[in-house]
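Here's the structure, in structure tokens; my notes come after.
Throughout, a chain's letter reflects where its sequence line sits, starting with A, and its residues are numbered from 1. Basis for what follows: all heavy atoms, side chains included, without hydrogens, waters or symmetry-related copies.
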Amino acid sequence: MNIQEQLISKTQQAIIDFNGQEIPLASISLQETRKEFEGEVTIVTFPFIKFSQKSPEETGQIIGEYLLKNCDFVKSYNVLKGFLNIALKDQHWIDVLVSINNHSNFGQLASKNEKVMVEYSSPNTNKPLHLGHVRNNLLGFSLAELLKAAGYDVIKVNLINDRGIHICKSMLAWLKYGNGETPESSGLKGDHLVGKYYVAFDQHYKVEIQELMAQGLSEDEAKKQAPLILAAQAMLLKWEEKDPETIALWEKMNAWVYAGFEKTYQAMGVSFDQYYYESNTYLLGKDIIEQGLAKKVFYQKEDQSVWIDLTAEGLDHKLVLRGDGTSVYITQDLGTAALKHSDFGMKRSIYVVGNEQDYHFKVLLLILQKLGFDWAKGLFHLSYGMVDLPSGKMKSREGTVVDADDLIAEMIESAKLQTEALGKINDFPAEEKNKLYETIGLGALKYFLLKVDPKKRLLFDPSESIDLQGNTGPFIQYSYARIQSILRKVNRPIPSHCEIDTINSNELAIILELNKFEGQIAIAAESYSPAIIANYVYELAKAFNKFYHDDPISQLDDKKLQDFRLMLCANTAKVIRQSFAILGIAVPERM
RNA sequence: GGUUCGGUAGCUCAGCUGGAUAGAGCAACGGUUUUCUAAACCGUAGGUCAUAGGUUCGAAUCCUAUCCGGACUACCA
């Protein structure tokens, strides 16, 4: 029985001893004592008064007195209104630290022998990645690391949207206006080059629409009849017919994009175990439509189009296959979901996709459940909020997007300026300096994006650079570097046991944080929220910095105390490093 | 209109399986360095937790309504 279970059980026993009344165990809950009061564990006594027949204060006294007498790990207690605060003996907390220290895999929860798939990134190959994609990628990668830490076997998947009318738009514009421009000839990164022609298409298209409207067509008609859009549609048909020239162009331009994406992925530090391409999966799903028709989950209209009636679920009628037999988005997604499951047989599958697609995923999951696939209940849409600018939503066509590559470069530059201004690493070789700027710049960016609850929309103001002070990635990296500095200076192995018997409040605060780590991993994994880890590790770093400020370590003469504090430092560093690994953020040895 | 997510300090966010006087960071103001890295530490100031009801011993947290904002509501993806 652990400490908490003992406290709960003894609390119940205290009242039984007092008057024979039995408090239900479920109504006894322990919580952390707030910082301004003495103690580490608090029991709320309000729910007990109908059993004790005493005031909340008296009830607290009765229980506190009982615990003090009957639990050898309880040091003292105090009662404030309906709150019984319990302080545990220092030795208990020292033991907790030693046990964390000697735990070879602290922060890695026991294997659950369960496969979980995380699909994220899922880019279109017609334009470069922007800040919204950055959030998606960091969130997806971090979620995968988080689930691994929580004991799951994780498969990271990227479903690349490499076909469709939007891809044809870039291809067409490049043919018409590109003059054979290549990444080599222009020096442009491949994804940016292709994106340039996607924008070019839209500009020329708009001109054509204006011209047609001037000729008296309505806007809708003009949009449908503009020569450029007709040409793009024709190109899509040629692609579907596997016209060699079209395919060759498509392959060439996609290869440019992939080379560009690869660089951005590398810069962000994200990776995948498996790629799926829509060009391979877009025809999937039609057999599922057949099954659905046979099971009468779907129905067919006179024009042969296939629909599902979701009005009973509060949704609408939804098209699942066009009248001409071609797929829509959801057709493919039905097929891809089945394919992924047959490839990996995972129990759970998480889609990291923005909340603009809430409706789509609600429908997708509902259809799969209605079709009776037993794996469908394991699907989950991790719906994250959009990244907004002060001016509102980012729009690629209006040029208001924050480009991923630019942003990363700016963050590294800003880390460089800040680091140079502080002048602490002038003795570093140039290569190490650059590495550090990258570590800090990306650390700031990643932490900034990950510390916010994924569900919430996130505001980014490009005119204000991301902070490097306060509740930021670099603050936590700095705490880590400080510890490494101490460990280097003392240069003694971390002991495996402790010979002190009292600890101060700063030390206690750190141990309390360290003790929470694995619980936080479990909670964060269950709620799919790396933000919980980000906020947790910030609290740890704060506690450490206060300790560092107040209490000497390397200049101590008392070796026993020094050993203990070294152990505290080393384990703080360990937990910071692991927390940041979950967030996909590197830690520096010096900064 | 319907569905849905959100609204906490000037700004960015924690806290939300109901518990104490609602917490951080930034920005503002003041202090700390002959002592392990001041990217730090300490302090001051800043709040009708959108609004109104309800449930409860107790509500930022749960329920209802209203207001405000976002997203979705395509034979686009």
Hey, does [X] reach any base, or is it just sugar-phosphate, or nothing, if we go heavy atoms under 4.0 Å?
X        : answer
A:Lys424 : base
A:Ser383 : nothing
A:Pro56  : nothing
A:Leu458 : sugar-phosphate

Using the [atom1] atom in both, what is the distance from [N] to [M], to the nearest Å?
N     : M     : atom1 : result
B:C13 : B:U8  : P     : 9 Å
B:A52 : B:A38 : C1'   : 49 Å
B:A27 : B:C41 : P     : 13 Å
B:C26 : B:G19 : P     : 28 Å

Whole angstrom value for the distance that separates [atom2] of [N] from [atom1] of [X]:
X        : N     : atom1 : atom2 : answer
A:Asn471 : B:G15 : CG    : P     : 12 Å
A:Tyr329 : B:A77 : OH    : C1'   : 6 Å
A:Lys35  : B:A22 : NZ    : C1'   : 13 Å

query: Which class fits the ring pair A:Phe517 and A:Tyr536: parallel under 30°, tilted 30 to 60°, perpendicular over 60°?
result: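 Aromatic pair A:Phe517/A:Tyr536 classed parallel.
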Quiz question: going by heavy-atom distance under 3.5 Å, is there a donor-acceptor pair between the base of [N] and the side chain of [X]?
X        : N     : value
A:Asn535 : B:C13 : no
A:Thr472 : B:A39 : no
A:Ser479 : B:A40 : no
A:Asn85  : B:A20 : yes

State the pairing partner of [N]; accept Watson-Crick or G-U wobble contacts with both distances under 3.5 Å, and report none otherwise.
N     : answer
B:A14 : none
B:U56 : none
B:U44 : B:A28

Compare the minimum distances between each of [options] and the side chain of [X], then state the nucleotide with the smallest one.
X        : options             : result
A:Arg34  : B:U21, B:G6, B:C75  : B:U21
A:Ile486 : B:A40, B:C36, B:A20 : B:C36
A:Ser554 : B:A40, B:C36, B:A39 : B:C36

message: On RNA chain B, does the nearest nucleotide to A:Met591 precede the nearest nucleotide to A:Glu539 from the 5' side, or the other way round? Give the residue.
response: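 Upstream on the strand: A:Glu539.
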- request: Assign each of A:Pro474 and A:Asp303 to its nearest nucleotide of RNA chain B by heavy atoms, then name whichever residue's nucleotide is nearer the 5' end.
  value: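 The answer here is A:Pro474.
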Give a yes/no answer on whether the side chain of [X] brings an N or O atom under 4.0 Å of OP1 or OP2 in [N].
X        : N     : value
A:Lys81  : B:U21 : yes
A:Tyr478 : B:A39 : yes
A:Ser485 : B:C36 : no
A:Arg322 : B:C76 : yes
A:Lys542 : B:A40 : no

message: Centroid distance below 5.5 Å plus an interplanar angle below 30 degrees: do A:Phe475 and B:A40 meet both conditions?
response: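 One would not call A:Phe475 stacked on the B:A40 base.
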query: Using centres under 5.5 Å plus planes under 30 degrees as the test, is A:Phe37 stacked with B:A20?
result: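 A stacking contact exists, since A:Phe37 sits close and nearly parallel to the base ring of B:A20.
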query: Would you call A:Lys516 and A:Glu32 a salt bridge, using N to O less than 4.0 angstrom?
result: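 The answer is yes: the pair qualifies as a salt bridge.
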task: Check the side chains of A:Asp220 and A:Ser218 for a donor-acceptor pair under 3.5 angstrom, ignoring hydrogens and angles.
output: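 No.
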task: Please indicate whether A:Gln4 has more than 12 foreign heavy atoms, meaning atoms of other residues, nucleotides or ligands, lying under 6.0 Å from its CD.
output: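 No, CD of A:Gln4 has 12 or fewer neighbouring heavy atoms, counting only those of other groups under 6.0 Å.
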A:Lys54 NZ: over 12 foreign heavy atoms closer than 6.0 Å: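 Counting neighbours around NZ of A:Lys54, 12 or fewer heavy atoms of other residues, nucleotides or ligands fall under 6.0 Å, so no.
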query: Which of these, A:Val352, A:Leu458, A:Asn355, sits in a side chain to side chain contact (heavy atoms under 4.5 Å, CB included) with A:Tyr384?
result: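 Output: one option passes, namely A:Val352.
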